[in-house]
Amino acid sequence: MIPMIFSSTLLVGLVSWFLWEKSHRKTRDMPAGLHKDISLPFTQEYELYHNNLSLCSKKVRACMAELDIDYKSHPIELIETGSYENIGRDYLTVNPGGLVPTLVHNGHPVYESHAIIAYLAKLKEGAGGNTLVPADEADRAAMQTWIDKASLTGDDPTTNIKRSAANCAGLLTTPLMVSALQDIPLRLIFEGLLFHRIRSRAAIFMIMKLRGLSGFTKIKPLMNALGEARNNMELHLDALDEHLLGNGPHIIGNQLTLADISWLVILERLVEADWMEFFLRGDQRPNVQRYWQYLQQTQGYKIGILEFQSTVMDAAIQRLKSHKRNNPAFTASLEGQRQ
Ligand SMILES: N[C@@H](CCC(=O)N[C@@H](CS)C(=O)NCC(=O)O)C(=O)O
């Protein structure tokens with residue numbers, strides 16, 4: 001009798017907790033750009049909610065470093081770097097989409113990294129110095145094309161991989177994510193299944209955690225998506241290499257622009273997720289190789305990326321590299337048939 005009373009009380013308690021949490025963690029897709037209708041507490045003109053590892057956060061930090069914009073930093077953990085702080089009650093009031101980065105300017109949020117960098121550059125227009133946007137109309141249109149190719153779009157990275165190198169980069173990060181998740185307790189990952197706006201993302205993370213590095217290469221749909229991303233990334237890098245021939249060291253004209261900021265984080269991600277040697281093997285894509293050397297000299301890289309290292313991620317990178325070294329079959333299944 002007593003155990004029955006105990007278990008029903010526990011069940012009622014759990015259900016009440018879930019319903020209460022759910023009603024306080026309302027999520028919705030947030031359109032890109034400035035939301036004047038939302039007002040948030042702030043103490044500084046610019047405040048940035050971001051994560052050290054996140055590609056989109058890196059892009060905004062690199063942009064702010066180049067524009068010399070001082071900001072209050074709010075680091076937000078993602079499950080791969082420690083916990084689902086991005087779907088916690090506090091952060092969902094800042095961004096009900098549960099995604100980073102979010103810029104808060106004078107108390108109003110701006111969502112989506114490509115919209116944030118455009119917003120920042122516009123604010124700095126006419127301020128003197130390089131505002132990361134070319135003066136010439138045609139150059140601006142060309143810059144936008146290269147920004148679009150490097151913007152992470154949609155909730156599902158498997159869509160748009162033909163158009164977006166960023167969506168490819170997202171999928172190519174899967175092995176690193178699997179490695180990172182090994183350090184994260186299962187119960188924390190489970191939180192995503194209950195409260196994440198994009199339930200499928202949370203489910204994939206759960207599967208990746210359960211399968212681990214040796215098991216996830218046996219998940220056919222995941223490996224097919226990774227193979228597609230790898231093949232399309234080859235094409236995106238070919239296009240970049242061809243464009244840089246005769247141009248360079250910048251994508252547009254002779255100034256650093258938002259297009260370079262957008263590509264900086266893609267190339268840096270390829271290094272971080274241990275793909276760069278694969279894509280730039282031998283003397284392949286020499287213009288991209290030179291471009292990457294150049295990008296590493298920029299303030300955007302030195303401040304926006306190097307100053308925000310993640311120890312959790314460093315451990316995950318080392319684990320992934322060592323797993324690849326010790327398991328040639330694993331590496332071969334990631335890299336597919338080399339041409
Ligand atoms: N299109 C958005 C993508 C934002 C996004 O997907 N952010 C990732 C990190 S790069 C995130 O917050 N992931 C957390 C999660 O899905 O739980 C942008 O460009 O800002």
Side-chain angles (χ1 to χ4, degrees), residues 25 27-35 48-64 74-88 91-92 94-104 109-120 144 147-161 163-174 176-177 180-181 184 188-209 258 261-266 268-270 272-273 304-305 308 310 312-313:
R25 296 203 207 190
T27 58
R28 67 197 154 102
D29 184 22
M30 298 308 288
L34 173 68
H35 289 249
L48 183 66
Y49 293 78
H50 63 111
N51 173 273
N52 283 10
L53 166 79
S54 137
L55 183 128
C56 304
S57 301
K58 287 178 183 183
K59 192 198 302 181
V60 174
R61 288 199 305 263
C63 176
M64 293 180 95
H74 297 271
I76 299 294
E77 291 292 357
L78 305 180
I79 191 62
E80 54 269 41
T81 59
S83 69
Y84 265 128
E85 193 179 359
N86 59 312
I87 55 166
Y91 186 63
L92 287 175
V94 176
N95 185 342
L99 301 176
V100 289
T102 301
L103 173 74
V104 175
V110 189
Y111 302 123
E112 295 281 325
S113 57
H114 50 279
I116 297 174
I117 59 172
Y119 176 83
L120 290 168
Q144 193 55 50
I147 293 175
D148 293 345
K149 282 176 196 279
S151 294
L152 192 59
T153 51
D155 284 343
D156 175 2
T158 59
T159 58
N160 264 343
I161 55 175
R163 268 197 44 221
S164 163
N167 285 35
C168 296
L171 287 164
L172 290 169
T173 311
T174 312
L176 182 57
M177 297 294 167
L181 289 173
I184 314 293
L188 295 185
I189 302 173
F190 188 71
E191 188 183 344
L193 290 180
L194 299 180
F195 302 114
H196 205 293
R197 179 177 65 84
I198 315 163
R199 212 57 60 81
S200 56
R201 244 188 226 195
I204 290 169
F205 272 65
M206 179 62 97
I207 293 169
M208 293 191 323
K209 164 74 180 176
L258 296 178
I261 299 290
S262 306
W263 277 88
L264 161 65
V265 298
I266 303 279
E268 196 270 338
R269 171 52 54 87
L270 293 182
E272 185 172 46
I305 293 174
F308 294 84
S310 149
V312 176
M313 219 22 78

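Counting starts at 1 for both ligands and their atoms, following the listed order. Keep in mind the model is a prediction, meaning the values are calculated, not measured.
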field: His196: numbered ligand 1 atoms lying under 4.0 Å from its heavy atoms
entry: 15 (C), 16 (O), 17 (O)
- line: side chain to side chain contact (heavy atoms under 4.5 Å, CB included) filter on Ile204, not counting sequence neighbours, yields Met208, Leu222
message: Has Ser113 got a side-chain atom pairing as donor or acceptor with Val60's backbone, closer than 3.5 angstrom?
response: no
task: Name the closest protein heavy atom to atom 2 (C) of ligand 1, giving the residue it belongs to and the distance to 0.1 Å.
output: Glu112 OE1, 3.1 Å
- request: Please write down residue, atom name and distance for the protein heavy atom closest to atom 19 (O) of ligand 1.
  value: Ser113 OG, 2.6 Å
message: Counting non-hydrogen protein atoms only, what is the nearest one to atom 11 (C) of ligand 1? Give residue, atom name and distance.
response: Leu99 CD2, 3.7 Å
message: Checking Asn95 against Thr102 for the side-chain hydrogen bond (donor to acceptor under 3.5 Å, both in side chains) test, could you report, in this order, the C-alpha distance in whole Å, the side-chain angles of both residues, the deciding distance, and whether it holds?
response: CA-CA 7 Å; Asn95 185 342; Thr102 301; 3.1 Å; yes
- request: Compute the ring centroids of Phe308 and His50, then answer whether they are less than 6.0 Å apart.
  value: yes
statement: Near Pro101 (heavy-atom distance under 4.0 Å), the atoms of ligand 1 are 20 (O)
task: Using the side-chain hydrogen bond (donor to acceptor under 3.5 Å, both in side chains) rule, take Asn51 and Thr81 through it: C-alpha gap first, then chi angles, then the decisive distance, then the call.
output: CA-CA 9 Å; Asn51 173 273; Thr81 59; 3.1 Å; yes
query: Are any non-hydrogen side-chain atoms of His74 and Val94 less than 4.5 angstrom apart?
result: no
Atoms in ligand 1 flagged as close to Asn86, the criterion being non-hydrogen separation under 4.0 Å: 14 (C), 15 (C), 17 (O)
message: When you compare ligand 1 with Leu55, is there at least one nitrogen or oxygen pair between them that comes in under 3.5 angstrom?
response: no
Under 3.5 Å: donor-acceptor pair, side chain of Asn167, backbone of Thr153: yes
task: Among all protein heavy atoms, pick the one closest to atom 10 (S) of ligand 1 and tell me residue, atom and distance.
output: Ser54 OG, 3.3 Å
query: To which of Arg201, Lys59, Arg269 does the heavy atom nearest atom 6 (O) of ligand 1 belong?
result: Arg201
field: Nearest neighbour in protein (non-hydrogen) for atom 7 (N) of ligand 1
entry: Val100 O, 2.9 Å
- request: Starting from atom 3 (C) of ligand 1, locate the nearest protein heavy atom and write down its residue, its atom name and how far away it is, to 0.1 Å.
  value: Cys56 SG, 3.8 Å
- prompt: Can you tell if the side chain of Leu53 reaches within under 4.5 Å of the side chain of Glu272, non-hydrogen atoms only?
  reply: yes
